[in-house]
Structure formats: structure tokens, C-alpha cells
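Lettering of chains follows the sequences in order, A, B, ..., and the numbering in each one begins at 1.
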Number of protein chains: 2
Amino acid sequence: MGEDAAKDGNAAAGMAAPDLIAALTDESALVSPLERKLAASILADVNFATNASITEIAARAGVSPPTVTRFCRRLGCASFSDFKVQLARSAYVGLRYLRPESVTSTPAEVAEDIVTKAQNALFEMHRGLDLEALSRAAALLAKAQMIYAFGAGGNSSMIVNELQNRLFRLGCRIAASNDHGMNLMLSAAAEPGTVVFGSSFSGRNHELVRCFQLLRERGIKTIALTQSGSPLAEAADVVITVDLPEGQNIFRATSTRYAFLATVDILANLVAYADRSRSTRLLRGIKEQLIKHRDGDDRQLLGD
Amino acid sequence: MGEDAAKDGNAAAGMAAPDLIAALTDESALVSPLERKLAASILADVNFATNASITEIAARAGVSPPTVTRFCRRLGCASFSDFKVQLARSAYVGLRYLRPESVTSTPAEVAEDIVTKAQNALFEMHRGLDLEALSRAAALLAKAQMIYAFGAGGNSSMIVNELQNRLFRLGCRIAASNDHGMNLMLSAAAEPGTVVFGSSFSGRNHELVRCFQLLRERGIKTIALTQSGSPLAEAADVVITVDLPEGQNIFRATSTRYAFLATVDILANLVAYADRSRSTRLLRGIKEQLIKHRDGDDRQLLGD
DNA sequence: TCAATGTGCCGAAATTTATTTTCTTCATCG
DNA sequence: CGATGAAGAAAATAAATTTCGGCACATTGA
């Protein structure tokens with residue numbers, strides 16, 4: 001019984017605070033000055049905090065142990081040790097990007113750095129995900145008569161190709177295009193019932209914005225996968241925002257791709273679930289794939 | 001002093017066991033039967049273990065608390081609480097794939113599922129990464145007169161396009177191709193000094209294997225990014241293996257892409273570091289990119 | 001083959017350490 | 001001026017670790 005209670009408590013706690021770092025950073029939640037001091041102290045050295053005892057943490061922050069206990073409770077944790085466990089989880093992926101941009105030189109460091117940043121990008125994307133917008137986008141795509149997916153540059157090309165790759169097998173009529181001139185013509189000729197999906201990491205691709213403006217004038221629905229507040233976001237009907245910390249993007253622009261790719265993945269899944277019969281078709285496709293694979297064929301021949 | 005000691009101890013412990021789950025799974029490290037029992041009990045319900053007290057864990061495993069303490073020490077942790085912290089970290093990304101393949105239906109669940117699996121794929125890839133092979137591949141690519149990157153199907157196409165996208169700006173002469181006929185012709189015509197890179201998730205793409213065999217006969221160096229032990233791996237000079245748990249691949253083949261993408265990312269970085277002057281050129285390129293970006297251009301126009 | 005000895009694992013109890021509760025004081029705000 | 005709530009001191013409780021003794025198993029020598 002005690003065991004079950006503990007387990008339930010943990011599960012509940014896990015649900016309550018999926019990201020402790022965010023809670024710690026959120027000033028509004030911390031009313032008293034000592035709690036702010038405590039939060040600042042913990043954030044200043046999370047590594048220390050994850051491993052220190054309650055007395056050590058209290059001493060470093062200049063407060064008493066009971067204050068720390070109360071603080072943990074207020075943050076939604078069951079106890080101090082629960083707090084530590086959650087902090088360790090959050091810090092593992094959530095706080096690594098605070099590391100200084102070191103000049104990585106050994107292969108092991110390069111690998112570690114890239115994997116960490118990719119995981120961070122996914123983590124951050126998930127944290128800031130607007131599910132409501134994604135659901136609306138999925139609904140639009142599922143009902144669309146025809147879908148155009150516009151991207152530009154290596155990264156967004158990859159994204160829209162991926163969307164095409166994922167959606168065509170769900171029974172969607174979709175064409176991906178990465179050519180500005182073509183995009184403009186397709187926009188000008190698009191018929192009612194068409195939905196246009198556009199991807200741009202920065203949201204400042206002029207040509208794409210122009211297409212979207214034209215489409216708005218023409219009453220064609222548009223979905224943008226981009227940064228919030230960007231020109232492309234302004235021009236779109238539904239905006240799926242992915243905002244990653246600037247520092248990450250400037251020095252090594254690549255990790256954002258993982259976030260975009262996963263977002264497309266989620267979107268495609270939502271489209272699949274939007275229509276049960278389509279979803280069934282998807283599953284049948286996967287089965288077929290399995291069978292072919294067992295015959296020795298490369299899975300990739302099927303594109304998935 | 002106590003604080004510093006604690007911090008140092010933690011840092012050291014963190015280095016010693018970056019992945020506790022692996023240590024727990026590794027039977028060879030666990031000599032005594034009770035320790036095996038304990039490890040099994042912990043692995044059976046990691047969630048419980050991360051939150052329970054030492055007595056609860058001991059009770060569940062049917063051992064005494066001191067045994068648990070000793071067990072933690074043996075695994076390289078400073079103490080039981082250190083063990084818990086590390087377990088929480090590992091479990092966060094490392095063990096989620098043990099979850100039953102649930103029928104995810106709500107958008108939140110879909111998003112959680114996809115992000116988790118992508119992170120897991122990255123985690124597993126990083127764990128099994130053969131840095132030595134990657135370094136050899138990078139050295140080959142850096143010195144190559146010409147590089148061909150062969151892929152097949154949606155996923156591997158993406159991978160080889162990505163490689164091209166990353167390497168051409170490092171000053172590499174590279175062409176990506178996804179067409180079997182073309183690949184065969186290129187293989188037959190390749191001159192000495194050429195290096196061929198091939199990607200296949202399963203390693204069972206017959207045409208690609210045939211190309212590699214032909215290339216071996218002709219003395220052209222080949223690099224395969226694929227599953228270990230596969231026909232493609234057998235046919236290649238340098239093999240970069242990415243072996244992800246079967247269960248993951250079979251049901252939703254997509255998460256492996258994140259691992260492949262990150263591997264290409266790492267490889268490209270290693271190529272950049274292989275030659276300092278090239279690396280400098282890379283950095284200059286990034287600067288240019290930044291400047292253009294500030295002018296309002298989409299970063300993606302530059303392909304990164 | 002059979003003791004005798006050694007080695008090391010394991011748990012009970014004691015000790016130490018850590019955490020939480022209770023209670024009191026103090027400050028702040030209405 | 002009383003009410004409210006935050007914060008710490010101290011006590012109580014809970015948890016973790018060390019110590020120590022017993023036990024099982026292996027090794028050695030007769």
C-alpha cells in the first residue's frame with residue numbers, strides 16, 4: 001500500500017511539474033523575497049543543488065532548511081527529495097544550453113555537443129508547443145482538397161519534403177515546392193479548398209511572405225511553421241510557432257531542424273488521427289512495409 | 001569545504017556513470033545474486049525507484065537497506081541519493097521506450113510520444129556511437145577528391161542531401177544521388193581519390209550493396225551509414241553503425257531519422273575540424289550568413 | 001573425501017545524518 | 001491594534017549508513 005501510494009504520488013508529481021526549471025525561473029510564482037533568493041541560488045548552480053542536501057542548499061542561499069522544504073512544496077513537489085529528482089530530470093536536458101559555447105575539438109565532445117543541442121531543441125520545442133494551433137492546422141490539412149507545401153533553402157526544403165512524404169501516404173493530395181517562381185504561380189492559380197503550408201525558420205523569407213499575402217487576398221487558407229511574430233507568422237491564418245533560444249541558432253543553426261522535423265512529425269500524426277479511415281490506411285501501410293522488409297527489402301524503398 | 005567536496009564528488013560521479021541504465025542492465029558487472037535481483041527490481045519500475053526511499057526499494061526487491069547502499073556504491077555512485085539523482089537523469093530519456101506502445105490519441109500525447117522517441121533515438125545513437133569509425137570516415141571525406149553520397153527512399157535521401165548540404169560549404173566536392181541507375185553509373189566511372197558515402201537504415205538495399213561491391217572491386221573507398229552486420233555494412237570500408245532498438249523501428253520507423261541526421265551532423269563537424277583552414281572557412285561562412293540575416297534575408301536562403 | 005580456514009556477502013541493530021513538523025517570533029498589512 | 005503569514009529554532013521523525021556478527025561458499029591441506 002505504501003508502495004502504491006508512493007508510486008501514485010510520484011506519477012502525480014511528474015505530471016504537475018514537467019519542467020521545474022521553468023517554475024524556478026517564473027518570478028511571478030515566487031512571492032516572498034527569500035523564495036526568490038532561494039530560487040536564484042539554485043539556478044545559479046543547479047548541479048550543486050541536484051546533489052547537495054537540504055542543509056547545504058539552505059546554507060548557500062542563506063535561509064533555513066524548513067524554508068527550503070516549504071519552497072519545494074510550493075513548487076508542486078511532494079517533498080524535498082522529490083524536488084531533487086525532478087530538478088535532476090529538468091536539468092538534464094533543460095539547462096544544458098546554458099553552457100558556454102565551448103570550442104569543441106575532440107570527436108567525443110563534438111558528438112556530445114550535437115546530441116545535447118538536438119535534444120535541447122526538441123525539449124524546448126515541446127515546451128513551447130501550441131497544440132491548439134497544431135490541431136487546427138491538422139484539421140485544415142485533413143479536409144484540404146489540395147495541399148501545397150512551400151519551403152526555401154536547405155532546411156525548410158527538408159521540412160516540406162518531409163511533410164509531403166508523410167502526408168501523401170495518408171491519402172492527402174500534396175505537392176511540395178521549393179522554387180519561388182513556382183510557389184508564386186501555384187499561389188496565383190490555387191483553387192478554393194486548397195491549403196498552403198509554408199516553412200521558414202526565421203519567418204523572414206520575403207518571397208514566401210508575398211505568396212502568403214497573395215493567398216490571403218485570394219481567400220486561400222495558409223499554415224505557417226515559423227518563428228512567432230515574424231512577417232510570415234503575421235501573414236498566415238494558422239501559425240505553428242517554434243521559438244528556440246537565439247544563442248543556439250546564431251552559432252550553430254542546425255539544431256533547430258530537429259525541432260522543425262519533430263513538429264512536422266507531430267502534425268502528420270495529428271492529420272492521421274483526424275480521420276479514422278485514413279489512420280487505418282496508415283496502419284495497413286505500415287504492415288505492408290513490415291512484410292516487405294522481412295522479404296529483405298530496404299525499408300527506405302517505401303520512403304519511411 | 002563540505003560544499004565543494006560535495007560538488008566535486010557529484011561532478012566526478014556524473015562523469016563516471018553517464019548512463020546508469022546501461023550499468024544496471026549490464027549483467028556482467030553484477031556478480032552477486034542479490035544485486036541482480038535488486039537491479040531487476042529497479043529496472044522493473046524505474047519510476048518507483050527514482051522516488052522511493054531506500055527502505056521501500058529494499059523491501060520491494062526483498063533485500064536489506066545496506067545491500068542497496070552497497071549496490072549504489074558499486075555502481076559508481078557516491079551515495080544512495082546520488083544514485084537516485086543519476087537514475088532520474090538516465091530514466092528521463094533513456095528508458096521511456098520501455099513503455100508499452102500505447103494508442104496515443106490526444107494531441108498532447110502524440111506530441112509527447114514523438115518528442116520522447118526522437119530524444120530516445122538520439123540518446124541511444126549517442127550511446128552506441130563508434131567515434132573511431134566516425135573519425136576515420138571524416139578523415140576519408142576530408143581528403144577525398146570527390147564525394148558521392150548515395151541514398152534511397154525518403155529517409156536516406158534526406159540524409160544524403162543533408163550531407164551534401166553540410167559538406168559543400170566546407171570546400172568538399174560532393175554530389176548526392178538517390179537514383180539507382182545513376183548510382184551504378186557513377187560507381188562504374190568513379191576515379192581514384194573518390195569516396196562514396198552510402199546511407200541505408202536497414203542496410204539491405206540491394207542496389208546500394210551492389211554499388212559498394214563494385215566500388216570495392218575498383219578500389220574506391222566507401223563509407224556506410226547503416227545497421228551493423230547488414231549486407232551494406234559488410235560491403236563498406238568504413239562503417240558508421242546506428243543500431244536502434246527493434247521495437248522502436250518496427251512500429252514507427254521515423255524516430256531513427258533523428259539519429260541518422262545527428263550522425264551526419266557530427267560527421268560534418270568532424271570533417272570541418274579535420275582541416276583547420278576548412279574550419280576557418282566554415283566560420284567565415286557562418287559570419288556571412290549572420291550578416292545577410294540581419295539584412296532581413298531568410299537564413300534558409302543560405303541553406304542552413 | 002572431508003574438515004579447516006579464509007573470503008566475502010548479507011542483514012540486524014546502532015549510529016549518524018537528514019528531513020520534516022511544531023511552535024514561537026517577528027514583520028507586514030488592513 | 002489585531003490578523004495574517006513568513007521565517008527560524010528546536011524537537012521529533014524519518015532516512016541512510018556504518019559497524020558488526022553470522023552465514024554460505026570456495027579454497028586448501030590432510
Side-chain angles (χ1 to χ4, degrees), chain A residues 1-7 9-10 13 20 24 27-42 48-88, chain B residues 1-7 9-10 13 20 23-24 26-42 48-88:
Chain A
M1 194 188 113
E3 288 166 2
D4 286 338
K7 197 180 167 188
N10 302 334
L20 212 58
L24 280 168
E27 303 252 328
S28 64
L30 307 167
V31 276
S32 84
L34 280 211
E35 285 188 344
R36 279 165 194 262
K37 204 165 86 175
L38 190 49
S41 171
I42 290 168
F48 168 78
T50 46
N51 295 77
S53 76
I54 194 169
T55 25
E56 287 173 311
I57 291 172
R60 183 171 277 210
V63 300
S64 67
T67 304
V68 178
T69 297
R70 281 188 281 258
F71 177 75
C72 299
R73 296 264 159 81
R74 185 163 302 206
L75 254 48
C77 303
S79 64
F80 171 70
S81 45
D82 184 33
F83 169 82
K84 278 219 294 193
V85 165
Q86 292 202 43
L87 187 64
Chain B
M1 196 188 116
E3 287 167 3
D4 286 338
K7 197 180 167 186
N10 302 333
L20 212 60
L24 281 169
D26 181 18
E27 304 251 330
S28 64
L30 308 168
V31 275
S32 84
L34 279 213
E35 286 188 343
R36 278 164 193 263
K37 205 166 83 173
L38 189 51
S41 170
I42 289 168
F48 167 78
T50 47
N51 294 76
S53 74
I54 195 169
T55 20
E56 288 174 310
I57 291 172
R60 184 171 276 208
V63 299
S64 68
T67 304
V68 179
T69 296
R70 281 188 282 259
F71 177 75
C72 298
R73 296 265 159 81
R74 183 162 307 206
L75 254 48
C77 302
S79 65
F80 171 69
S81 45
D82 184 34
F83 169 80
K84 277 217 296 191
V85 166
Q86 291 202 44
L87 187 65

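Between A/Ile42 and A/Phe71 the shortest side-chain heavy-atom distance falls below 4.5 Å.
Here D/dT17 presents its P atom at 11 Å from CD1 of B/Ile57, a figure rounded to the nearest Å. Between B/Arg74 atom CZ and C/dG8 atom P the separation is 11 Å, expressed in whole Å. With rounding to whole Å, B/Lys84 atom NZ is found 15 Å from C/dA18 atom P. In this structure, the CD atom of B/Glu56 is 11 Å from the C1' atom of D/dA15, given to the nearest Å. Here the C1' atom of nucleotide D/dG8 and the CG atom of A/Leu38 are 14 Å apart, to the nearest Å. The nearest whole Å value for the distance from the CZ atom in B/Phe80 to the C1' atom in C/dT19 is 15 Å. Regarding A/Arg36, its CZ atom lies at a distance of 17 Å from the C1' atom of D/dA7, rounded to whole Å. In this structure, CZ of B/Phe83 is placed 14 Å from C1' of D/dA16, rounded to the nearest angstrom.
For B/Arg73, the listed nucleotide lying nearest its side chain is D/dT18; candidates were D/dG8, D/dT18, C/dT19. Proximity note for B/Arg70 (side chain, C-beta onward) versus D/dT19, D/dA16, D/dG8: the nearest is D/dT19. Distances were taken from every side-chain heavy atom of A/Ile54 (C-beta onward) to each of C/dG11, D/dA9, C/dT19; the shortest belongs to C/dT19. Among the nucleotides D/dG8, C/dT20, C/dA12, the one closest to the side chain of B/Pro66 is C/dA12. In the set C/dC10, C/dT19, C/dT21, C/dC10 carries the atom at the smallest distance from any side-chain atom of B/Thr67. Here C/dT19 is the nucleotide among C/dT19, C/dC9, D/dA15 with the atom lying nearest to any side-chain atom of A/Ser53.
Nearest heavy-atom pair across B/Gly62 and B/Lys37 is O-NZ, 3.8 Å.
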For this session: Kindly indicate, with the supporting measurements, whether the criterion side-chain contact (heavy atoms from CB on, under 4.5 Å) is fulfilled by B/Arg70 and B/Thr67.
Result: CA-CA 5 Å; B/Arg70 281 188 282 259; B/Thr67 304; 3.9 Å; yes
For this session: Check step by step if side-chain contact (heavy atoms from CB on, under 4.5 Å) holds for A/Val85 and B/Leu87.
Result: CA-CA 9 Å; A/Val85 165; B/Leu87 187 65; over 6 Å; no
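With hydrogens and angles ignored, the 3.5 Å screen pairs a side-chain donor or acceptor of A/Lys84 with a backbone N or O of A/Ala52.
Close to C/dT20, at under 4.0 Å from its OP1 or OP2, lies a side-chain N or O of A/Thr69.
At a threshold of 4.0 angstrom between heavy atoms, the contacts of A/Ser79 are confined to the sugar-phosphate backbone, with no base atom among them.
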